[in-house]
Structure formats: C-alpha cells, structure tokens
Amino acid sequence: MHFPTGVDTPTPDGAHPSALLLQGLNDEQSAAVTLPADHALILAGAGSGKTRVLTTRIAWLLQTGQVSPGGVLAVTFTNKAAKEMLTRLSGMLPVNVRGMWVGTFHGLCNRFLRAHWKLANLPQTFQILDIQDQLSAIKRLSKQFQVDEERFPPKQTMWFIAGCKEDGLRPKDVDVRDPDSRKKVELYELYEAQCQREGVVDFGELMLRSYELLRDNDPIREHYRRRFRHILIDEFQDTNKLQYAWIKQLAGPVAQDGGTVFAVGDDDQSIYAFRGARVGNMADFVREYQVQHQIKLEQNYRSFSNILDSANHLIDHNKNRLGKNLHTTQGAGEPVRIYESPTDFAEAQWMVEEMKQLLREGQNGDGTQGVAHRHEIAVLYRSNAQSRVIETALFNAAMPYRVYGGLRFFERAEIKHALAYLRLLENPWDDTSFMRVVNFPPRGIGARSIEQLQDAARALGCPLHDAVSTLTGKAGVNITAFVAKIDVLREQTQGQNLRQIIELLLDHSGLVEHYQSEREGADRIENLTELVNAAESFVTQEGFGRDAVAMPVNGEMINPDTGETLSPLAAFLTHAALESGDNQAQAGQDAVQLMTVHASKGLEFDCVFITGMEEGLFPHENSMNDYDGLEEERRLMYVAITRARRRLYLSHSQTRMLHGQTRYNIKSRFFDELPEHALKWITPARSAFADTHASPHNAWQQPTWFNNDWQTKASAPTPVLQRAPTTSGPNAWVRSGVQVFHTKFGEGTVIGLEGVGDDARAQVNFPRHGMKWLALSVAKLRQV
DNA sequence: AATGTTAGAGTTTTT
DNA sequence: CTCTAACATT
C-alpha cells in the first residue's frame with residue numbers, strides 16, 4: 001500500500017488541496033498551520049482547536065510536499081491523544097500512517113529501543129515494568145539487602161529513582177549530601193543492576209536509555225536527526241527535563257541541519273509539576289532555539305463568555321505566565337452559579353436535584369436551559385476521596401454515573417498474573433513476573449522454598465530462573481517443576497497464534513481452574529476471557545501501526561529500520577505495558593461523569609459541577625504554602641472552569657467528612673478571584689450551619705433563592721468557626737501563637753484552633769513541612 | 001493455605 | 001472513615 005504524498009491532485013471543485021485543508025480555520029490557526037519550516041511555539045488556549053492545528057499542520061506539510069511521512073515525528077503524552085491525531089490525520093489525507101512516528105513519548109522510546117536493543121544494551125525481549133512491578137522489584141531488593149524499610153520505605157525509594165530519571169540523572173550524577181541520600185543512591189544503583197540482570201526497564205528507563213543512546217552514539221543520533229525533518233510536540237508544558245533533552249537530541253542544535261520543532265502547549269494548563277513537568281521548558285525552548293514564530297490561539301470555541309471571563313479573571317492572578325486571554329464570539333450565556341451548603345452530604349444532594357432538573361429541561365427540549373444527556377454532565381473534584389459522598393447521593397437517586405480513574409484493565413490482578421506467565425515465555429529472567437506466579441495458583445512453593453531460591457540466585461549473581469538447578473530437596477522439586485512447566489508451555493506455543501498462546505496459557509497455568517473454585521472468581525474469569533478478546537483485536541486491527549515496531553508480515557513483524565522481527569506476543573506485551581487500557585467500559589449506559597480535575601483535562605461537557613471549593617481542599621492544603629504550589633492549584637482551577645460549555649456550578653461546604661473526622665472549611669480563595677458580573681450566588685438563605693444537625697435535607701428541599709453579594713458573605717463567617725475551642729486532655733494548653741514541637745514535623749507555630757472536644761484541631765505552621773491541621777486529641781505536641 | 005486481625009496512611013497521575 | 005498491606009492464627 002503506497003500513497004504518493006506531496007503530489008497535488010486537483011479536487012472536483014477545482015480548489016487547491018492544501019487550501020482545502022485550511023478551510024474553516026481562523027486566522028491564527030491558519031497561520032500556525034502554514035508557518036515556514038522554522039522552530040515555532042503555539043500557545044493554544046483551552047478549547048482553541050489545538051489538536052486540529054497540530055494535525056492539520058502535519059497534513060499540510062505532507063500535502064505541500066515539504067516532508068514525507070517518514071520525516072514526521074509527532075509526540076504526545078497519552079495514547080488517546082496519539083490515536084486521535086492519527087484518526088484525524090487519516091481522515092484528512094490518504095497517507096501511509098505507518099511510516100510516521102506518531103505516539104507517546106514512552107511508546108516512541110520503546111519503538112526506538114526495540115529497534116536498537118543491542119546498542120542500548122538490552123535483551124531483545126526486554127519487558128516493561130509498570131508501577132506495581134517497579135514497587136515489588138524494589139521491595140524484593142530491599143529484603144535482599146536488608147534495608148531498613150522504616151527509614152527507606154520502598155515507595156519513597158521508587159519516587160526517588162523515578163525523580164532522578166525524570167531529571168536525566170544516573171546514580172553517579174546524583175549529588176550526595178547526607179548519609180540518607182547516599183543510601184538512596186546506593187539503592188538506585190542496586191535497582192539498576194537488578195533490572196539489567198533481569199532484562200526489564202521501567203517507564204523512566206525507556207526515556208532515559210533512549211536519550212542516552214542518542215546522546216552517546218553519533219551515527220544513530222545523526223541518522224535520526226537527518227530523518228525527522230519535522231518534530232511536533234503536544235502538551236509541551238507538561239514535558240519534563242528529560243523529555244525536553246530527548247527532543248533536543250533529535251532536533252539538534254539551533255541553526256544546524258536538524259529538524260524543526262513545532263511545540264504546542266498552554267502554560268496555564270500545566271498541572272503536572274508534581275510528576276516532573278517543567279513549564280519552564282517553554283521559555284527555555286524559545287530562548288535556546290531562538291524561536292521566531294510564536295502564535296497564540298485565544299479564540300475559544302467551547303464556552304460562553306461568562307465562563308471564559310471567569311477563567312481569564314482567575315488565571316490573571318498568576319504571576320508567572322506567558323500571557324493569554326480567551327475570547328469567544330458566543331454571548332455571555334448563563335451566569336456561573338455558586339452554591340454553599342452546610343455539609344458535604346447536602347452538597348451532593350443539592351447537586352443531584354439540580355441534575356434532575358437539568359435533565360428534565362433537556363427532555364422538554366426547550367432551548368439552552370437543559371441538558372439532553374447524562375454524559376453531558378460532569379462532576380469534578382480535587383481528590384478522589386470526595387467521590388464517595390457524591391456516589392452515595394447519585395446511587396440513592398438512581399442516577400446512573402461513571403467514575404473515572406481506578407484500576408485499569410491491564411492492572412487487574414488476574415490480568416497481571418496471566419501477563420506474567422506470558423512474559424516468562426518471552427523472558428524467563430524477569431524475576432518480578434517469576435515471583436508473581438511461581439506459587440500462583442498455589443502449588444506448594446512456600447516462603448521457605450522461595451527464600452532458598454533467592455539465596456542461591458544472590459550467591460550466583462543471576463536471575464532466579466538460572467539458580468533453580470542448584471536447589472535440592474522439596475523446594476528443588478517443586479520449583480523445577482514450575483520452570484519445566486513454563487518451558488513446556490514455551491515449546492507448545494511455538495508456531496501458535498496469539499489467541500492460541502493465551503488460551504493454552506490460561507488452561508495450563510491453572511489460573512482459570514483456580515478462579516473457578518473461588519467464590520468471587522466469576523468476574524476474574526470473565527476478565528481473563530476478555531484478555532483473549534483484547535489480544536484478538538490487537539492482532540486484527542489495533543496496535544501494529546503504533547507502538548508496535550512495525551507491520552505484520554506473515555504473522556511476524558518486521559522492523560523497517562533494522563529488519564529485526566518482533567513476535568505478536570512480544571508486541572502484545574508491550575501494548576499491555578504501555579496502554580493500561582480503559583478503566584471500565586461500562587456498557588454504553590448514559591451516565592453522569594465523575595472525575596478529578598486532573599482527569600478532566602482535555603475533555604468538555606455542557607454542564608460542569610466543581611465541588612469542594614474550600615480552602616485546604618481546593619487549593620489543597622499540601623500545595624497552598626508555597627507560591628508555585630498555589631499557582632499550580634490555580635491553573636488546576638482554570639482547567640476545571642474551562643471544561644464547561646454552557647453551564648458551570650461551583651460549590652463548597654461548611655463541613656466535610658475527611659479521614660473519619662469532620663472538618664470545618666472556609667470557602668476557597670478562588671471565589672475572590674472570579675469576576676462578580678459573571679456569577680450568581682444561589683445559596684438558600686437559611687443554609688445556616690445549625691440546620692446540619694437538625695436535618696440536612698431541609699436545606700435543599702425548599703430553598704429560598706437569592707443573589708448574594710460576595711463581600712457580605714465573606715465578612716460573616718459561620719458561627720462554628722468563631723466558637724472558642726474547648727479542649728481537655730494532654731493538649732489543652734495549646735493556644736494560637738504558641739510555639740510547639742511535633743515529633744514528625746519539628747517546631748511550628750500555632751495559627752489557629754477550631755472544633756470542640758475530640759474534634760478540636762489546631763492549625764500549625766511548620767517551617768519545614770508547611771501548614772498542618774492536627775487533631776488535639778491525637779497529636780503529640782510539646783510546648784517549646 | 002485460607003481466613004482473620006491490626007496498623008497505618010489517605011492530592012493530583014500517564015506511561 | 002475506608003482501604004490496603006502486613007502480620008497472626010487456625
């Protein structure tokens with residue numbers, strides 16, 4: 001299959017085909033698409049048609065003959081975005097998508113490392129560790145080297161290692177100041193050695209090793225620099241240090257013959273600093289590449305102007321911005337509605353009633369008021385824990401809903417078990433997989449046997465698999481039988497197709513049998529069946545053009561760069577590791593959408609509820625003490641607001657149940673940062689706190705609506721907050737302004753007190769750990 | 001090996 | 001409060 005590109009063919013209506021591509025674009029979009037082949041930065045506001053510009057740019061470059069598919073590298077963060085780009089692209093042009101490198105950072109790095117596994121010093125069958133695998137690998141290592149898990153929790157070690165890799169640092173590059181960090185670096189070193197021995201890489205390693213190969217291998221680097229004439233990056237504001245460095249390797253230094261970089265992003269929507277994203281990469285890029293073309297896409301096609309005004313007004317309170325203002329030709333639309341409730345429960349109740357009303361109006365089809373479908377209603381919250389009370393209310397009202405997040409398909413235990421078997425077929429040295437299934441289903445290999453094996457492997461400095469033959473006694477017999485079983489399976493699966501391989505495995509591993517005897521195993525078996533289907537559809541349609549190395553040829557895949565082959569099984573395992581799958585496909589039921597604000601990025605809905613707009617929650621208490629943290633919270637709020645097309649609700653609650661304790665929250669400072677003219681305060685007048693205890697239902701059943709003035713509300717705090725906390729017990733002496741010592745946080749100053757009796761809490765500012773709320777009945781405080 | 005108990009932690013997350 | 005992992009018991 002070959003399509004000529006860059007050859008203009010006349011269209012039926014006589015228009016030039018590249019002009020056709022530009023149809024319907026506004027001036028800025030069009031300018032961005034048709035920029036000359038120079039480095040460029042596109043500042044694309046929310047809802048400004050970012051993806052469209054990106055894909056049309058590629059289509060335009062191809063159609064005007066400036067580049068062939070092989071010369072294009074387009075990189076995104078999520079598989080969803082990559083898929084979207086390819087779908088749209090093939091809708092615009094009859095282009096051979098296979099030759100293009102379009103994918104996620106990790107997907108492309110994987111493709112690169114599969115092609116150059118030898119140079120990258122990896123086994124051809126290297127496996128990819130996800131977070132769970134990584135953690136269990138580190139736990140294993142900590143046990144083996146008798147690391148004190150109190151002082152060095154495996155999770156922390158994991159974050160440390162991931163953080164180093166995001167910054168492009170190997171153990172030798174890490175600054176060692178104190179004994180603790182020396183130990184961490186040591187663990188990083190041991191972890192690296194273990195991964196190398198076992199032939200596995202984690203997500204960070206995919207990036208780092210690709211980067212290093214490009215950096216250190218001149219012919220490889222030059223090859224790819226010559227090849228990729230156009231490098232396009234989506235969500236550039238979310239790139240970390242290493243990802244930017246990787247891009248620089250591919251693009252080469254400025255003003256040399258490397259490709260051009262077309263970066264698209266929005267600094268106002270940078271919400272992933274906590275996982276290493278550096279907004280600063282945008283400014284660095286402009287400086288380092290002397291970017292001459294910067295285009296702002298500020299026309300918003302999504303929301304009415306009350307919503308956009310709110311977003312603009314809010315984000316204007318951030319100091320560190322490149323600067324951008326969204327505008328629309330649509331009218332003001334409805335006001336942004338703000339609601340205050342006495343309890344989180346009442347907040348959820350009110351929300352459900354409001355939804356019912358909206359859906360009723362939508363059914364009647366009377367104009368812009370209602371919403372026709374439940375899936376056009378989204379509930380956003382700052383943290384996952386908030387979903388429970390909302391779910392309860394929705395459930396009680398029999399309102400179908402869907403919660404985003406949680407376990408994805410390939411992360412389920414039973415699926416991971418099956419995949420572990422498959423991985424052992426490919427790479428028997430993968431100890432993480434070995435450990436996962438050596439005794440699952442149970443086959444009499446207990447802790448003692450495994451210890452024996454681990455001791456032997458450590459003595460020999462080899463993976464578990466290679467140490468099995470040295471074992472004696474019962475342990476030796478059982479484990480040898482296990483390894484033999486895997487070996488037989490490997491034999492039997494030769495020449496089988498992927499479906500047959502998995503079916504054989506499910507049968508011979510005893511997984512299905514095991515779950516059959518389990519009380520609640522039916523779901524798991526269903527999922528295992530689904531795994532067969534997933535493999536089937538992967539082979540028949542999905543995948544081969546994307547993260548897999550190459551095209552299927554006679555059932556095998558040939559890497560166009562090296563001629564190496566990759567089996568369908570290997571490709572499927574890669575697919576499973578890099579695309580953890582949808583979290584739940586929930587059978588097409590039209591349902592209200594529940595998700596965190598983070599998860600909502602990139603989505604849009606007719607109607608959006610942003611809930612829990614309270615100090616300590618949103619902005620979150622862990623982020624609001626340093627300036628950068630607060631700015632990121634504000635960007636998060638900006639993202640949340642700009643999800644709404646027509647109607648936006650912001651709600652907060654005076655009290656909220658968190659970690660089993662009632663918290664008294666004041667409303668979010670973000671309310672102060674919204675334009676009064678766009679708001680409508682719809683809190684019932686009698687939503688006094690006292691109602692909470694009497695009857696939480698009355699507050700919303702017959703509300704009296706009124707437009708409230710923000711200033712008046714702000715100056716009249718709820719009575720509870722003013723009530724002087726009375727405390728008994730060991731911490732009764734705690735008063736505002738007092739210096740205290742906490743065993744974990746060190747010295748701090750008491751800022752305020754609230755609550756009564758067992759609920760009494762002190763807000764304490766710890767210079768080293770920030771602001772904390774401490775329950776006086778629990779916290780061990782000492783007066784300084 | 002299965003089942004029961006307890007301690008501890010609990011922003012945000014894709015690959 | 002609620003979930004999980006580690007530990008303890010049968």
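Below, chain A is the first sequence line, B the second, and so on; all start at residue 1.
Remark: P of B:dT12 and CD1 of A:Ile610 are 17 Å apart, rounded to the nearest angstrom. Distance CG (A:Leu578) to P (B:dT14): 14 Å, rounded to an integer number of Å. One interatomic measurement links the two molecules: CD of A:Glu621 to P of B:dT12, which rounds to 12 Å at whole-angstrom precision. Rounded to an integer number of Å, the gap from A:Met613 CE to B:dT11 C1' is 15 Å. Distance A:Glu150 CD to B:dA7 P: 14 Å, rounded to the nearest Å. Atoms CD (A:Gln132) and C1' (B:dT13) sit 14 Å apart, rounded to a whole Å. At whole-Å resolution of the value, NZ in A:Lys83 and C1' in B:dT15 are 15 Å apart. Rounded to whole angstrom, the span from the CG atom of A:Leu135 across to the C1' atom of B:dT13 amounts to 16 Å.
The phosphate of B:dT13 (OP1 or OP2) has a side-chain N or O of A:Thr596 nearer than 4.0 angstrom. OP1 or OP2 of B:dT15 sits under 4.0 Å from a side-chain N or O of A:Asn79. A:Asn240 has no side-chain polar atom (N or O) that falls below the 4.0 Å cut-off from OP1 or OP2 of B:dT14.
Stacking between A:Phe274 and B:dT12 is shown: the ring centroid lies under 5.5 Å from the centre of the six-membered base ring, and the planes differ by under 30°. Remark: ring of A:His598 does not overlap the six-membered base ring of B:dT12 in a stacked fashion, as centroids less than 5.5 Å apart with planes less than 30° apart are not both met.
Salt bridge annotation for A:Arg209-A:Glu212: absent, with no cationic side-chain nitrogen under 4.0 angstrom from a carboxylate oxygen. With respect to A:Glu192 and A:Arg170, a salt bridge is recorded, a charged nitrogen being found less than 4.0 Å from a carboxylate O. Between A:Lys667 and A:Glu615, no side-chain nitrogen of the basic residue sits less than 4.0 Å from a carboxylate oxygen of the acidic one, so the salt-bridge criterion is not met. Salt-bridge annotation for A:Glu673 and A:Arg634: present, with a side-chain N of the basic residue lying under 4.0 Å from a carboxylate O of the acidic one. For A:Lys416 and A:Glu411, the salt-bridge test fails: no basic side-chain N is under 4.0 Å from an acidic carboxylate O. A salt bridge does not link A:Arg635 with A:Asp266: none of the charged nitrogens is closer than 4.0 Å to a carboxylate oxygen.
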Which atom pairs, one a donor and one an acceptor, fall under 3.5 Å between side chains of residues 241-248 of chain A and the rest of the protein, sequence neighbours left out?
residue	atom	partner	partner atom	Å
A:Gln243	OE1	A:Asn240	N	2.8
A:Tyr244	OH	A:Phe285	N	3.4
A:Tyr244	OH	A:Glu288	OE1	2.9
A:Lys248	NZ	A:Glu288	OE1	2.8

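Residues forming a side chain to side chain donor-acceptor pair (under 3.5 Å) with A:Glu235 (at least two apart in sequence, or on another chain): A:Lys50, A:Gln237, A:Lys601. With sequence neighbours left out, A:Phe482 forms a ring-ring contact (aromatic ring centres under 6.0 Å, His included) with A:Phe434.
Counting any heavy atom pair closer than 4.0 Å across all strands shown, A:Ile131 reaches a base atom. Using a 4.0 Å heavy-atom distance criterion, A:Phe105 is classed as making no nucleic acid contact.
Sorted by residue number, the members of residues 380-393 of chain A with any non-hydrogen atom under 4.0 Å from DNA chain B read A:Arg382, A:Ser383, A:Asn384. Taken residue by residue, residues 440-452 of chain A places heavy atoms nearer than 4.0 Å to DNA chain B at A:Pro442, A:Gly444.
Rounded to whole Å, the separation between the C1' atoms of B:dT14 and C:dC3 comes to 23 Å.
Ring pair A:Phe572/A:His575 is parallel by interplanar angle, where below 30° counts as parallel and above 60° as perpendicular.
In this structure, A:Phe440 has its ring center closer than 6.0 angstrom to the ring center of A:His514. Between A:His417 and A:Tyr515, a ring centre-to-centre spacing not shorter than 6.0 Å is recorded.
Closest contact between the side chain of A:Glu633 and the listed nucleotides B:dT11, B:dT14, C:dC1 involves B:dT11. Closest approach to the A:His659 side chain among B:dT14, B:dT15, B:dT11 is made by B:dT11 (side chain taken as heavy atoms from C-beta onward).
A:Glu391 and A:Tyr401 share a side-chain donor-acceptor pair at under 3.5 Å.
Summary of the strand contacts: A:Gly660 and A:Asn439 both lie near DNA chain B, and taking for each the nucleotide with the nearest heavy atom, the more 5' one is attributed to A:Asn439.
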Could you go through nucleotides 4-8 of chain C and list every protein N or O atom that sits under 3.5 Å from one of its N or O atoms, giving the distance for each pair?
residue	atom	partner	partner atom	Å
C:dA6	OP1	A:Lys139	NZ	3.0

